[in-house]
Amino acid sequence: MSDATAANTTDNGPVLAADGTPLKRSLARALRVQKMRALLLIAPLLIFIMVAFIAPIVDMLFRSVENQITSETLPRTVMALEDWDPEGLPDEDTYAALTYDFVEAAERRIHTRLGSRLNYETTGISSLFRQSGRGVDDIGEDYADQFIELNPAWEEADTWAMLMGAPDWIEAASAAEDAGPSFRLSVAASELLPETADAYRGFARTVQQEDNDNPMAEEPWFPVYMALYRDLMRTDVSGYDGPMADLLIEADAAVEGFTGMSPSEAWLDLNDDWGDRNVWATIEAFSDPYTAGYFLTSIDLRLTPDGIEAQPEEQRIYLLLFQRTIFMSGMITLMCVLLGYPIAYLLSNLPSKSSNLLLILVLLPFWTSLLVRTSAWKVLLQQQGVINDILVWIGIVADENRLALINNQLGTIIAMTHILLPFMILPLYSVMKTIPPSYVRAAKSLGATNFTAFRRVYFPQSIPGIGAGCILVFILAIGYYITPELVGGRTGTFISNRIAYHISSSLNWGLAAALGSILLALVLVLYWLYDRIVGIDNVKLG
């Protein structure tokens, strides 16, 4: 044993390496260094997989349940609706909360996004939100006129800033030339006039963030006057001695004689649909930050205040599309097996010179653009196309009874079978090429017929290729959408076409993510069933 490599052993201590450290620790360090090197080598591929594959799936799963837009756009309304009895319309406090939320959302131009989101659940809400956004800032104008008529000081921006702002904020904002520091409420104002303080804070921060204006120089929105009226009607301010005390006490004594529309009357005057219980039910049902609504819609159900209900019959399309996708993908896979098996058998048993030529013919469409192949099928399959012309010419089909080969399920199956056939032939060919011909010859020499030798000797050895081809073709078929879109018509489209529609046209990404998640789960379940029934170990590519 050399000095450099020998491990030293003491009578009672651990075994030591050549450098004097314990051998166990030295081996662990060497193993850790090897693992780090291996990790660094695969790091680029690992990062690529995480960014290009794992992250999109995680994002899709999150979007399928994410629903924060309602609670972020209408926070006060969502809280007010927690105690709402769906049997009737919301109370005045809820309509008032909607006013303060909506005027902020309209100023920030985000109310239409919420309208579009809720329109996925109840048709017509999008136009209701757009129209309401144009008139919500007039709510409270009748109260504003009466406050200003009582004392013109209520029209001054300084009056409101002195009444609502914290003392240090007033000092800093007065000296600022632009929007100034972020608005902060006075503790006294928030305790004495909570609704007004909340409405004014929304106004002040919105004009600062959206318009870069200073609240010290901006008259508040009309809804703030309505909030002041509502606060003064239920609060005694006679003991108040803070800023603008005289003005506030004067207004408190006068508000009993004010007249104007209540919040609910103002909204119904804006649009009668705000008296529709279904509109409020939709807002309440989708007010949680996370929702199962997209998944329920994906299986033709819907979320209502009364619980989960089935969609109206004319809107039940997704379960039909899932069933059609599974059925047509299975048919395409079956057709590929029936057509691909004899071709692969022929390729594997021909001499190399002939088989290579045939293999090129198989691969030629594989190298051709998918769009070109699909467009070619549109020319071939239409009623005035090449195939129908040939059938009419040889007399199989009458000219007035030409076959409907396109814009239906048959057209999709024909075109996709042709497109996916190489994915079945290549695994089959790779497996069949490894089957020794001597096995079949040995079976025949023992008295087996050609069919028996094929059935009992050759075919069982080709099953791994069939399994690999079926998995490839089925999984590719279940996600196709270009070919079904072009040749499938109304009855030959897949669920993937609906996913593409929601991503690119309706912009309902949540529903598209839910449909995609269900499709992913469906593929995993089918893969698990295949593994249980056939065994994934039997799948081979050569």
Side-chain angles (χ1 to χ4, degrees), residues 63-91 94-95 97-99 101-102 105-106 109-136 263-264 266-321 498-499 501-503 505-515:
R63 284 181 181 274
S64 65
V65 297
E66 187 267 341
N67 186 52
Q68 298 180 15
I69 185 171
T70 306
S71 57
E72 290 178 351
T73 307
L74 304 176
R76 303 176 183 87
T77 311
V78 168
M79 291 185 63
L81 283 174
E82 290 181 355
D83 300 325
W84 173 50
D85 179 6
E87 295 298 324
L89 289 175
D91 57 16
T94 306
Y95 277 100
L98 178 67
T99 306
D101 285 335
F102 216 98
R109 299 176 183 83
I110 58 176
H111 64 296
T112 53
R113 290 170 46 202
L114 176 59
S116 299
R117 163 67 186 95
L118 297 178
N119 198 67
Y120 299 145
E121 315 300 335
T122 302
T123 304
I125 288 187
S126 180
S127 59
L128 173 64
F129 272 51
R130 280 199 304 273
Q131 182 196 7
S132 301
R134 293 191 289 268
V136 67
S264 63
W267 278 99
L268 292 175
D269 182 64
L270 203 59
N271 194 307
D272 291 338
D273 285 347
W274 286 109
D276 185 352
R277 196 178 68 91
N278 287 332
V279 172
W280 290 99
T282 303
I283 297 175
E284 194 275 339
F286 292 89
S287 59
D288 292 333
Y290 301 99
T291 178
Y294 293 122
F295 280 101
L296 293 174
T297 304
S298 301
I299 54 175
D300 293 336
L301 300 175
R302 62 178 179 176
L303 189 63
T304 71
D306 300 325
I308 298 173
E309 297 178 354
Q311 291 277 10
E313 190 169 354
E314 66 276 10
Q315 297 182 18
R316 299 176 194 170
I317 58 173
Y318 295 112
L319 284 180
L320 173 64
L321 284 173
R498 203 65 187 172
I499 295 174
Y501 166 77
H502 286 306
I503 290 176
S505 298
S506 73
L507 303 182
N508 190 350
W509 289 13
L511 181 56
L515 291 171

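Bear in mind the structure is a predicted one, so any value in this text is a computation, not a measurement. Residue indices begin at 1 and follow the sequence shown.
- Each of Arg277, Glu121, Arg117 was compared with Thr282 under the side chain to side chain contact (heavy atoms under 4.5 Å, CB included) criterion, and only Glu121 meets it.
- Checked against the 6.0 Å centroid criterion, the rings of Tyr95 and Trp280 qualify as a close aromatic pair.
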*Steps toward side chain to side chain donor-acceptor pair (under 3.5 Å) verdict (Trp267, Thr99)*: CA-CA 8 Å; Trp267 278 99; Thr99 306; 2.8 Å; yes
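- The aromatic rings of Phe129 and Trp274 lie tilted to each other, with the angle between the two planes from 30° to 60°.
- Between the CG atom in Leu515 and the OG atom in Ser64 there is a gap of 10.0 Å [rounded to 0.5 Å].
- Of all the heavy atoms in Tyr290 and Glu66, the pair that sits closest is CD2-CA, 4.1 Å.
- Pairing each heavy atom of Ala80 with each of Thr94, the nearest pair is CB-OG1, 3.6 Å.
- Between Asp101 and Pro75, the closest side-chain pair of non-hydrogen atoms falls below 4.5 Å.
- Note: Ile299 CD1 to Ile308 CD1 = 8.0 Å, rounded to the nearest 0.5 Å.
- Checked against Ile283 for a side chain to side chain contact (heavy atoms under 4.5 Å, CB included), the options Ile125, Leu118, Thr122 give a single hit: Leu118.
- Residue Ser506 comes nearest to Tyr120 through the heavy atom pair O-OH, 3.0 Å, listed as atom of the first residue, atom of the second, then distance.
- Taking both residues in full, the closest heavy atoms of Leu268 and Gly275 are given as CD2-N, 3.2 Å, listed atom of the first, atom of the second, then distance.
- For the side chain to side chain contact (heavy atoms under 4.5 Å, CB included) test with Phe286, the passing option among Ile69, Asn67, Val78, Leu114 is Asn67; the others fail.
- Residue Ala310 comes nearest to Leu301 through the heavy atom pair CA-CD2, 3.8 Å, listed as atom of the first residue, atom of the second, then distance.
- Side-chain contact between Leu507 and Ser116: absent, with no pair of heavy atoms (C-beta onward) separated by less than 4.5 Å.
- Put simply, the residue from Asn271, Leu270, Asp273 that forms a side chain to side chain contact (heavy atoms under 4.5 Å, CB included) with Gln131 is Asn271.
- Taken from OG in Ser298 to CD1 in Ile317, the straight-line distance is 10.0 Å, to the nearest 0.5 Å.
- Note: Arg76 CZ to Leu98 CG = 10.5 Å, rounded to the nearest 0.5 Å.
- Using cut-offs of 30° and 60° for the angle between ring planes, the Tyr318 and His502 rings count as tilted.
- Counting heavy atoms from C-beta on, the side chains of Phe102 and Thr73 never come closer than 4.5 Å.
- Summarising the geometry, atom CG belonging to Leu319 is positioned 10.5 Å from atom CD belonging to Gln311; distances are rounded to the nearest 0.5 Å.
- Listed here is the closest heavy atom pair of Thr70 and Ser287: CG2-CA, 3.8 Å.
- The CG atom of Leu296 lies 7.0 Å from the OG1 atom of Thr291; values are rounded to the nearest 0.5 Å.
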